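All of these numbers come straight from a predicted model, not from anything done at the bench. Here, residue 1 is the first one in the sequence, and each next residue gets the next number.
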Amino acid sequence: MTSPLTHAATPPCAESPSMVAQRSGSSFYWPMRLLPRSKRAAMFAIYAFCRRIDDIADEPGSPAAKRAALAQWRRDIHEIYSGGAATNPVSAALKDAIDRYGLPRAELDALIDGMTMDVGAGLRAPDLATLRTYCRRVAGAVGMLAIRVFDRADSDTEAFALALGEALQLTNILRDLSEDAALGRLYLPREALALAGIHTQIPEEALAHPNLARACEAVADLAEADFADARDAIAGKTGGSLWAAVAMMVLYHRLLRRLRARGWRDPSERVRVGRRESAWVALRCLLGSPPAA
């Protein structure tokens, strides 16, 4: 698990960023799809980049090979910023977005740093500070890039992007407990596990523990607080091109509430927000009347 933008089967490497997004099934597709052309292309490029490095971290392979592949992406990104040529459709689209919107290299580096945290043993019951660093890298960085595409990079929208990024990633963690356990990962913070009386870092054991719900609800509370902070940061400022980020906030807040309503007895039971609902929420936000979460 990495960026909240990414959650789908691996696409062929030759696909364009827009094809990657369309095939993904992501609830973010419609908020991105309804953006003006240049902003849509930039967001699809960011999405596709996240997918490429996400695949490196998640697919079979030796840790050394994965770290080498991520290091190569870092070199490719740095080459773009140095005026070099792009070498594939994703990096070419990303170069266009960098040139048009002034995307900061540090945020792309942060995404790679976050993916690197998933290589090898990955995260198993990290302390909360480490989990928040991970969220900042794999999700907060996406937000910090997106607000520049939306032409809204100021102190309030940066606070919004960081709070929302953590909220989305914590929601992803709660949604993907079983999937992550199959990869040997357990992102629930050790503080939440300890308060629930769960003292194992073995994913399967933690998910089978009778007190799992207490740990999950503690993480859900953290996500709810982040959603509230995100809303407060942009109170009265949801107009203009920021509507797409507001749509993402509404969709993921709905997902979190559905997860809590489902409960934690069977974490493998999928909870989703469908494409039709995603399109409706995106359209409402575009028209300036965002629906309730």
As an exercise, state the distance from [atom1] of [X] to [atom2] of [Y], rounded to the nearest 0.5 Å.
X    : Y    : atom1 : atom2 : value
L145 : C50  : CG    : SG    : 7.5 Å
L34  : K39  : CG    : NZ    : 14.5 Å
S178 : L207 : OG    : CG    : 5.5 Å
R260 : T171 : CZ    : OG1   : 10.0 Å
L186 : D180 : CG    : CG    : 9.0 Å
Y187 : T130 : OH    : OG1   : 13.0 Å

Closer than 4.0 angstrom, basic N to acidic O: yes or no for [X] and [Y]?
X    : Y    : result
R270 : D176 : yes
R254 : E277 : yes
K95  : D76  : no
E59  : K66  : no
R74  : D113 : yes

(message) If the test is side chain to side chain contact (heavy atoms under 4.5 Å, CB included), which one of V271, L174, V250, L168 qualifies with L255?
(response)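 For L255, the side chain to side chain contact (heavy atoms under 4.5 Å, CB included) check succeeds only for V271.
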(request) Let me know which of C285, P31, P291 forms a side chain to side chain contact (heavy atoms under 4.5 Å, CB included) with L251. (result)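 Between L251 and the candidates, side chain to side chain contact (heavy atoms under 4.5 Å, CB included) is satisfied uniquely by P31.
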For the student: nearest non-hydrogen atoms of [X] and [Y], plus distance:
X    : Y    : result
A215 : A192 : CB-O, 3.8 Å
L212 : P267 : CD2-CG, 3.7 Å
D229 : A163 : CB-CB, 4.0 Å
A97  : A42  : CB-CB, 3.7 Å
R214 : A196 : CB-CB, 3.8 Å
S38  : Y101 : OG-OH, 2.8 Å

(request) For R137 and M115, run side chain to side chain contact (heavy atoms under 4.5 Å, CB included): C-alpha distance rounded to whole Å, both residues' side-chain angles, the deciding distance at 0.1 Å, then the answer. (result) CA-CA 8 Å; R137 290 173 173 175; M115 306 305 172; over 6 Å; no
In terms of hydrophobic clusters joined by side-chain contacts under 4.5 Å, are [X] and [Y] together?
X    : Y    : result
L162 : I234 : no
I147 : V142 : no
L35  : V246 : yes
L177 : L222 : yes
I202 : W264 : no

(message) Would E158 and M144 count as a side chain to side chain contact (heavy atoms under 4.5 Å, CB included) here? Give the steps.
(response) CA-CA 6 Å; E158 285 187 354; M144 295 292 275; 3.7 Å; yes
(request) With sequence neighbours excluded, tell me which residues meet ring pair (Phe, Tyr, Trp, His ring centres under 6.0 Å) with W73. (result)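 Partners of W73 under the ring pair (Phe, Tyr, Trp, His ring centres under 6.0 Å) test: F49.
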Non-hydrogen side-chain atoms of [X] and [Y] separated by less than 4.5 Å:
X    : Y    : value
V149 : I46  : yes
I77  : L94  : yes
L123 : R185 : no
F160 : R152 : no

(request) Could you name each residue pair satisfying side-chain hydrogen bond (donor to acceptor under 3.5 Å, both in side chains) that touches residues 191-202, not counting sequence neighbours? (result)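 Applying side-chain hydrogen bond (donor to acceptor under 3.5 Å, both in side chains) to every pair that reaches into residues 191-202, excluding sequence neighbours, yields T200-E205.
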(request) Could you list who else is in L195's hydrophobic cluster, with ILVMFWY side chains joined at under 4.5 Å, directly or through other members? (result)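 Other cluster members: none.
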(request) Return yes when atom CZ of R258 has more than 12 non-hydrogen atoms of other residues, nucleotides or ligands closer than 6.0 Å, and no otherwise. (result)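 Enclosed: over 12 neighbouring heavy atoms sit under 6.0 Å from CZ of R258.
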I'd like to know if the side chain of [X] and the backbone of [Y] have a donor-acceptor N/O pair within less than 3.5 Å.
X    : Y    : answer
Y134 : M117 : no
R105 : H78  : no
R148 : L103 : no

(message) One pair to check against side chain to side chain contact (heavy atoms under 4.5 Å, CB included): L131 and Q169. What are the steps and the verdict?
(response) CA-CA 10 Å; L131 179 61; Q169 193 62 30; over 6 Å; no
(request) Report the C-alpha distance between R276 and W280 in whole Å, list the side-chain angles of each, state the deciding distance to 0.1 Å, and finish with yes or no for side chain to side chain contact (heavy atoms under 4.5 Å, CB included). (result) CA-CA 6 Å; R276 181 174 297 180; W280 178 80; 5.8 Å; no
